[in-house]
Number of protein chains: 4
Amino acid sequence: MRGVNKVILIGNLGRDPDVQFLEGNIAVAKFSLATTETFKDRAGKLISQTEWHTVVLWRGLAELAQKYLHKGSLVYIEGRLRTRSWEDKEGNKKFATEVVGDNLVMLDKRMDVGNGDHAVHHGSGSSTSGQQGPGHHGEGYPGIEIPPMGEAADDLPF
Amino acid sequence: MRGVNKVILIGNLGRDPDVQFLEGNIAVAKFSLATTETFKDRAGKLISQTEWHTVVLWRGLAELAQKYLHKGSLVYIEGRLRTRSWEDKEGNKKFATEVVGDNLVMLDKRMDVGNGDHAVHHGSGSSTSGQQGPGHHGEGYPGIEIPPMGEAADDLPF
Amino acid sequence: MRGVNKVILIGNLGRDPDVQFLEGNIAVAKFSLATTETFKDRAGKLISQTEWHTVVLWRGLAELAQKYLHKGSLVYIEGRLRTRSWEDKEGNKKFATEVVGDNLVMLDKRMDVGNGDHAVHHGSGSSTSGQQGPGHHGEGYPGIEIPPMGEAADDLPF
Amino acid sequence: MRGVNKVILIGNLGRDPDVQFLEGNIAVAKFSLATTETFKDRAGKLISQTEWHTVVLWRGLAELAQKYLHKGSLVYIEGRLRTRSWEDKEGNKKFATEVVGDNLVMLDKRMDVGNGDHAVHHGSGSSTSGQQGPGHHGEGYPGIEIPPMGEAADDLPF
DNA sequence: TTTT
DNA sequence: TTTT
């Protein structure tokens, strides 16, 4: 490939995620994310600028969103841009650009009850259910940062 | 700020850039960029997926685009997402998501005559033409990667 | 330029930042940042892997670090890699790779007293003191995300 | 996880990659990559700054490096930082920071004979198990850009 | 040396 | 529609 299509966002959810399940029990989550950047203009005035993004998560990440994200949650999203187009009932061509997330980091301070273990989430759009036992859809999110086997071994031959 | 809105693209221009000049002689360039990613699906079949992005460049970067970019050019673009909305003449709400570029790297092999110096371009959304004398639009693009003064001095006190 | 050198980190400070002031009252901050990634290995076991980074901030960002960051702070850092080398007193060649930050986002939930205004920080390595009045070293850091003038004007000619 | 450790580089190889095979026929490639950034300093002088990085690739990516990369190749590398430490024979503590690549894009203009199909490479920690020897350790690395199954289906329920 |  |  000679292409790169990467988006990195940190922002807050405008509403609770909308999660649905497709055939095959595949979860899809969708939510709006506000990224606010503040800077001084040349006059030195503080300017705050909010941009809204539509984020789509699949499978394991969608399930995490359903469990742990809600209106106001602060998250880091890494993904790619995808523009879909369709015609509405009046025949008008419509476009929507979304960020399809491959990685999710929850940045809210956890003040949870419990052990907080669930706070450790990460994953990627790329699920590998094929490797998993029966019934295990939506678990085990091998993610972007999974190091290749053998790497841990500190026996680099250099 | 607690927000991040960052896009990184590598792809080819679908057409020559469309460059216009606003009042104040401010250049704005716009072009479509195709990012193609190729991967194997689970069946091992090679799949190629092209996504089209609208890229907008301002000022110095727009002028670089005008001078050096054309249909087919391979570029690295770093920028941020921005969605604009408006109503068309029929009163339909329309949305368009664009990538506003803060940095541009030309990746084509230069087979240029001459010194190739012009090949070295970079810049950022944060132009500072205000500092420049009259007539000097489009010069001196202090960019993202401009190191702070004094840094070169290798006298880090640690 | 045909190069890109970019680092993006989210992690926690291992200690309070070490801040020093060089000639000209230029601030330099240095701290260790731990990025911890957790994933499941192929056996399904949760594995946590921490990497330590040396982060260096200059000028305005260094001053922000001094004021607001401390041991444990969660931050987003965007910057570039820089490797320095020197010889120690025994004449051994030493190398140290650091992340020179161009952008800083504080991700801790603020439970501060006060207005929280100080929470809005951002900046970049690229200072522009030249534009500023006398005596104003270290202020007004127009940063990476400063939109070019005129952009706010929603009069894109396309 | 609450951590992110990401590096993005575009630069040229300083030498041909050094590729070795570990037990299990696991390929590891290592090379130096120069990222050169050019900018104008405050006096307007063009300054060029080259940084050298050590890049390590594993498995499928290492094999691609062996086949297609050589001294001078222009590449995009996405990966993470990793610092290793050890003691040399004199008992001095040594550190080396490397970029472990998860994704590789070859940016050289292909003037190849043939179809150039091999030019389309990408990967991530994630390889293409078909290339691997017997024993099949190290299979099925779902990679950064592999879209989740079902996503192609344009039947988003929103 | 951090954090969950 | 979020957050500071």
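All chains are named by letter (A, B, ...) in the order of the sequence lines, taking the proteins before the strands, and each is independently numbered beginning at 1.
Ion pairing between Glu87(B) and Lys94(B) fails under the 4.0 Å rule for side-chain N and carboxylate O. A salt bridge between Lys6(A) and Glu78(D) is present, with a side-chain N of the basic residue lying under 4.0 Å from a carboxylate O of the acidic one. Under 4.0 Å is where a charged nitrogen must lie from a carboxylate oxygen, and between Arg82(B) and Glu51(A) no such pair does.
We find that CZ of Arg15(C) is positioned 7 Å from P of dT1(E), with the value rounded to whole Å. Between the C1' atom of dT1(E) and the NE2 atom of His53(C) lies a distance of 13 Å, rounded to the nearest Å. One atom, CD of Glu37(C), and another, C1' of dT4(E), lie 14 Å apart when rounded to the nearest Å. Rounded to whole Å, the distance from CD on Glu51(C) to C1' on dT2(E) is 13 Å. Per the geometry, NZ belonging to Lys30(C) stands 19 Å off P belonging to dT2(E), to the nearest Å. To the nearest angstrom, P of dT1(F) lies 16 Å from CG of Leu33(A). Taking atom CZ of Phe31(A) as the reference point, atom C1' of dT3(F) lies 15 Å away to the nearest angstrom. Whole-Å rounding puts the Asp108(A) CG to dT3(F) P distance at 10 Å.
An aromatic stack links Trp52(C) and the base of dT1(E), using centre distance under 5.5 Å and interplanar angle under 30°.
Residue-level contact check: Thr50(C) touches the bases, meaning some heavy atom is under 4.0 Å from a base atom.
Side-chain atoms of Thr36(A) and base atoms of dT4(F) include no donor and acceptor less than 3.5 Å apart.
Taking every side-chain heavy atom of Lys71(C) into account, dT1(E) is the closest of dT1(E), dT1(F), dT3(F). Taking every side-chain heavy atom of Ala34(C) into account, dT2(E) is the closest of dT3(E), dT1(E), dT2(E). Side-chain proximity of Asn12(A) to the nucleotides dT3(F), dT2(E), dT1(F) is greatest for dT3(F).
Side-chain polar atoms of Thr97(A) and Thr83(A) form a donor-acceptor pair below 3.5 angstrom. For the 3.5 Å distance criterion, the side chains of His53(A) and Thr35(A) qualify, holding a donor opposite an acceptor.
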